[in-house]
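This report concerns only the one structure given below.
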Protein chains: 2
Amino acid sequence: MRPLTRKGAATRQRILEGAAAHIREHGVAATALDDVLARTATSKSQLFHYFPGGREELLLAVARLEADRVLEDQRPHLSDLTSWPAWQSWRDTVVDRYRRQGRLCPLNSVTAHLGNRTPGAQAVVTELMNRWQSELATGVRHMQNAGEIDPALDADRAAAALLACIQGGVLIQMSTGQTTHLEAALDMGIAYLRAGRLPSP
Amino acid sequence: MRPLTRKGAATRQRILEGAAAHIREHGVAATALDDVLARTATSKSQLFHYFPGGREELLLAVARLEADRVLEDQRPHLSDLTSWPAWQSWRDTVVDRYRRQGRLCPLNSVTAHLGNRTPGAQAVVTELMNRWQSELATGVRHMQNAGEIDPALDADRAAAALLACIQGGVLIQMSTGQTTHLEAALDMGIAYLRAGRLPSP
DNA sequence: GGGATTTTGGACTTGCGAGTCCATTTTTTG
DNA sequence: CAAAAAATGGACTCGCAAGTCCAAAATCCC
C-alpha cells in the first residue's frame with residue numbers, strides 16, 4: 001500500500017516540517033499550500049502525492065507534530081516529578097517554553113482552523129491532554145506516596161486542574177503576550193498541592 | 001458622518017446578530033457573508049453599507065458582542081463575590097454557562113480566525129480579560145476585608161490565576177466536550193483562596 | 001410636497017487557492 | 001540491463017466567496 005522510498009520519505013518529511021515552520025511563523029490562515037511548496041522547493045503533485053487528503057491531511061499531520069513537541073519540550077522534567085524542586089523546574093520549563101513560543105500557538109491555531117468538526121483534530125488534542133494529565137497525575141501520586149501530599153487528594157482531579165491552569169495561562173498569553181497569568185496559575189496550582197501536604201509529625 | 005436612520009440602525013443590528021448566531025451555530029470558518037445575508041434577509045450592499053470594512057469589520061463587531069455577553073452571563077454573581085456561598089453560586093453559573101455553550105466558543109473562534117494580526121481582535125480579548133480579572137480581584141479584596149482570606153495574598157495575582165483556570169477549563173472543554181476540567185480548576189482555585197483564610201481566633 | 005439623503009436589490013467582477021492531470025525523470029527490483 | 005513502480009514539474013481547471021457598482025425605492029427634513 002505504501003512502499004515509500006527513502007527519498008520519498010525525506011520529501012514527505014520536508015513538506016511536513018516546512019508547513020509546520022510556516023504555520024509557526026505566520027499562522028494557519030496565512031499559510032497557503034503554495035507557501036509551503038515554495039519554502040520546501042517541492043511541487044503540488046508531490047504534496048498531493050504524500051498527502052492525498054490535501055490541505056486537511058497536511059494540517060492534521062502538523063497538529064500531530066506539534067502535539068508531540070509539546071510534551072517533548074517538557075522532558076525530562078515532566079516524567080520526573082518526584083520532589084518539590086523537580087516540580088519547580090518543570091514549572092520553569094513550561095513557562096520558558098511558552099514565553100519563547102510567543103503569541104502564536106501553532107497547535108491551537110491549527111485545531112481552531114481545522115474546526116472541531118474534523119474528528120481527527122480533536123482526537124489529537126484530546127490525546128495530548130490525556131497523556132499530559134496522566135503524567136501529571138503520576139507525579140502527584142508519587143508525591144503522595146512520599147508523604148508530601150495528602151493521600152486523600154484525588155490525583156487525577158488535581159492533575160486536571162493543573163492542566164487547565166496551564167492551558168488557560170497559555171491562552172491568555174496569546175492575547176496579552178505576557179506569561180504572568182501562566183506563572184500565577186501554575187504557582188497557585190503547585191501551592192495548592194503543597195498545602196495539602198501531610199503535617200510533618 | 002453617520003446619520004444612521006432608525007431603520008438603518010435596525011438593519012445593522014439585524015445583520016450583526018444574525019452573524020453572531022450563525023457563528024455560534026456553525027463556527028467562523030463555515031460562515032460566509034452570503035449565509036448571513038440569507039439568514040437576515042438583507043443584501044450585499046446593505047452589509048457593506050453598514051460594515052464598510054467588510055467581513056473583517058463584521059467579525060470584529062461580533063467579537064465585541066460576544067465579549068460583552070461573557071461578562072453579562074455572569075451577572076449578577078460576578079459583581080457580588082462577598083461571601084463563600086456567593087463564590088460558589090458564581091462558580092456554578094460559570095460552569096453552567098459553558099456547559100450550555102457546548103463545544104463552540106464563538107469568541108475564541110472569531111479571534112483565532114481574525115488572527116492575532118488584527119490589532120482590534122486582541123484588543124477586544126485583552127479588555128475582556130482585564131475587566132474580568134478586575135472584578136475577580138475586587139471579590140478577593142472584599143473577602144480579605146471580611147477576614148475570610150489572608151490579607152497577605154496578592155489579590156490581583158490570585159485573580160489572574162483564577163482567570164487562567166477558567167480559560168483553561170473552557171479550552172479543554174472545547175476538545176473534550178466535558179466540563180470536568182473547568183470544574184476541577186475552579187474548585188481548586190476557590191479552595192486555594194479559602195486555604196489562605198485567616199485562622200479563626 | 002419635493003429635493004436631498006439614505007437604504008436596498010442583486011448582478012457582476014475578481015482573485016485566490018485547492019485540487020487535477022499528464023508527461024517526464026528517477027529509482028527500485030528482479 | 002530492462003521493466004515496473006515511484007517521484008517530480010508545473011500548467012490547468014474550477015468553485016467559492018469577498019467585494020464593487022449602479023439604479024431603484026424608501027425615508028428624512030424643510
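Naming convention: chains lettered A, B, ... in sequence-line order (proteins, then strands); numbering from 1 in each chain.
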Atom pairs under 3.5 Å: protein N/O with N/O of nucleotides 14-16 of chain C:
none

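At whole-Å resolution of the value, CD in Q46(B) and P in dG19(D) are 17 Å apart. L59(A) has its CG atom 14 Å from the P atom of dG17(C), to the nearest Å. Straight-line distance from the NE2 atom of H49(A) to the C1' atom of dA5(D): 10 Å, rounded to whole Å. Rounded to whole angstrom, the span from the CG atom of L37(B) across to the P atom of dG19(D) amounts to 12 Å. Atom-to-atom, CZ of F51(A) to P of dT8(D) comes out at 13 Å; the value is rounded to the nearest Å. Between D34(A) atom CG and dG10(D) atom P there is a gap of 13 Å when expressed in whole angstrom units. Look at CG on L47(A): it is 15 Å from P on dG17(C), rounded to the nearest Å.
For the pair E127(A) and R64(A), the salt-bridge criterion is not met [side-chain N within less than 4.0 Å of a carboxylate O]. Ionic pairing of E148(A) and R194(A) is not present here: no N-O contact between side-chain nitrogen and carboxylate oxygen is shorter than 4.0 angstrom. The residues D187(B) and R157(A) are annotated as salt-bridged, a charged nitrogen and a carboxylate oxygen being separated by less than 4.0 angstrom. By the 4.0 Å N-to-carboxylate-O rule, R91(B) lies close enough to E183(B) to be salt-bridged with it. Checked for salt-bridge contact, R39(A) and E25(A) meet the test: a charged N lies under 4.0 Å from a carboxylate O.
Residue Y50(B) places at least one side-chain N or O closer than 4.0 Å to OP1 or OP2 of dT8(C).
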With the sugar-phosphate defined as primed atoms, P, OP1 and OP2, and the base as all remaining atoms, what B/S/- string results for nucleotides 19-30 of chain C, 5' to 3', for protein heavy atoms under 4.0 Å?
BBB----SSS--
Quick one: side chains of residues 158-165 of chain B, donor-acceptor pairs under 3.5 Å with protein atoms, not counting sequence neighbours, listed by atom name and distance.
none

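Qualifying side chain to side chain contact (heavy atoms under 4.5 Å, CB included) partners for D73(B), counting only residues two or more places apart in sequence or in other chains: R69(B), R97(B). Partners of D92(B) by side chain to side chain contact (heavy atoms under 4.5 Å, CB included), not counting sequence neighbours, listed by chain and number: Q88(B).
Applying the salt bridge (charged side-chain N to carboxylate O under 4.0 Å, His left out) rule to pairs touching residues 104-114 of chain B yields nothing, sequence neighbours excluded.
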